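These notes concern the structure reproduced below.
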Amino acid sequence: MKTIRLGKTNLQVSRVGFGGIPIQRLTDEEAVRVVRGCLDLGITFIDTANGYTTSEERIGKAIAGRRDDIVLATKTGARDRATALAHLELSLQRLQTDYIDLWQFHGVSSEQAFAQVLGPGGAMEAAQEALQAGKIHHIGITSHSMDIALKAVPTGLFETVQFPFNFVTSEPAQELLPLAIQHDVGFIAMKPMAGGLLEKANLAFKFLLQYNVLPDPGIERLEEMEEIVNIVNGPWEMRPAESQEMERIRQELGKRFCRRCDYCQPCPQGIPISTVMNIRSFWKRFPPQRFFVGGFDQAITTAENCAQCGECETKCPYGLPIRDMLVENVEFYKRVKAQWEVEAKAS
Ligand code: SF4
Ligand code: SF4
């Protein structure tokens with residue numbers, strides 16, 4: 001397995017990582033089998049999050065006895081010191097380890113969240129304490145907001161930045177990635193397959209492997225990782241036909257692809273626009289028990305109150321037809337939910 005240096009952490013990790021969202025959809029046994037299979041394929045970077053329900057616990061079971069061979073990354077969505085410390089203890093317990101290699105502040109995508117993390121009593125204080133105590137070894141940040149990521153990288157406070165990067169959302173190649181390289185901040189490419197919307201792994205990974213970034217695909221089936229590892233081990237050059245195909249998909253998806261940057265907010269109706277815009281991707285990655293109840297369901301209900309004012313569309317830097325897409329995604333959600341309910345009753 002080829003490797004990559006993860007910026008100033010100096011960690012040398014497999015050329016592709018393992019993202020821990022989709023294993024929530026599996027049974028415990030299946031999840032453990034998939035994680036172990038990926039380790040057997042040579043994967044040494046495992047990334048999860050405190051918020052991914054069963055993911056940490058399953059990874060903990062899978063890596064038992066192999067901890068020292070793995071660079072383990074997890075995240076906390078807490079913004080304050082006390083909650084972050086509680087999350088860290090839980091992560092250590094679930095992952096059955098006494099240290100996290102890379103602890104990341106999860107989804108810091110607004111000025112307010114960024115200020116809270118770095119302010120007095122903020123989550124950064126927890127990270128610094130944990131670093132001193134040896135409970136974590138490195139600190140990173142994840143974000144969907146280009147403004148926040150560009151602000152975070154030069155601070156010197158974060159050793160890695162995790163940001164969406166794939167051939168449809170290729171904006172990081174312009175400024176963020178060069179900035180990260182300049183500051184020796186490791187770049188972890190979130191959503192290399194655009195959150196499950198890109199279907200051709202060869203195109204997605206050949207594109208990313210051109211850059212000094214660590215792709216971090218969410219993996220549900222071992223075959224997915226086998227295919228990716230074959231691409232990593234094979235020739236990376238893009239054939240002309242592949243470049244054309246990539247361009248075709250980019251044109252097709254680019255005008256309808258939500259980056260979850262939330263620049264369209266606030267919505268006067270309180271609609272969590274980016275959640276609804278990405279509902280198909282969440283559907284592919286989250287277990288039905290989580291997808292059809294709680295936050296996603298609530299987001300869809302709220303979206304039904306869209307007043308069609310169009311305010312959001314004036315703020316979206318990518319010119320997405322938000323109103324139309326909200327309607328389509330609400331319809332999609334209702335359809336798959338109805339199917340799920342029928343199947344759940346029948347089983
Ligand atoms: S069009 Fe709908 S989603 Fe957009 S700002 Fe208006 S109410 Fe919110
Ligand atoms: S709709 Fe546009 S502005 Fe809103 S989150 Fe998506 S990409 Fe960003």
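Each ligand, and each atom within it, is numbered from 1 in the order the structure gives. Residues take their numbers from the sequence shown, with the count starting at 1. Computed from a prediction, not measured in an experiment: that's the story for all the values here.
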H87 and T76: side-chain donor and acceptor closer than 3.5 Å? yes
Apply the test side-chain hydrogen bond (donor to acceptor under 3.5 Å, both in side chains) to residues T74 and T48: give CA-CA distance (whole Å), side-chain angles for both, the deciding distance (0.1 Å), then the verdict. CA-CA 5 Å; T74 192; T48 179; 4.7 Å; no
Shortest protein heavy-atom distance from atom 6 (Fe) of ligand 2, along with the residue and atom involved: C258 SG, 2.4 Å
Under 4.0 Å from a heavy atom of C312: which atoms of ligand 1 are those, numbered in the order shown and with their elements? 1 (S), 3 (S), 4 (Fe), 5 (S)
Is ligand 2 under 4.0 Å from a heavy atom in the side chain of Q265, in the backbone, in both, or in neither? neither
Numbering as shown, the atoms of ligand 2 that approach S274 to under 4.0 Å (heavy-atom distance): 5 (S)
Which of the listed options, C264, C316, C267, holds the heavy atom that is closest to atom 2 (Fe) of ligand 2? C316
Residue-ligand contact I322/ligand 1, heavy atom below 4.0 Å: no
What do you reckon, is NZ of K2 surrounded by more than 12 foreign heavy atoms closer than 6.0 Å? yes
the protein heavy atom lying closest to atom 5 (S) of ligand 2 turns out to be D262 N, 3.2 Å
Close side-chain approach of V34 to E220, heavy-atom, < 4.5 Å: no
N/O/S atom of C261 inside 2.8 Å of atom 6 (Fe) of ligand 2, strictly under: no
Going by atom types only, do Q24 and T53 share a side-chain donor-acceptor pair under 3.5 Å? yes
Could you pull out, from R256, H144, R259, the option with a heavy atom nearest to atom 7 (S) of ligand 2? R259
Which one of F291, F292, W283 satisfies the ring-ring contact (aromatic ring centres under 6.0 Å, His included) criterion with W340? F292
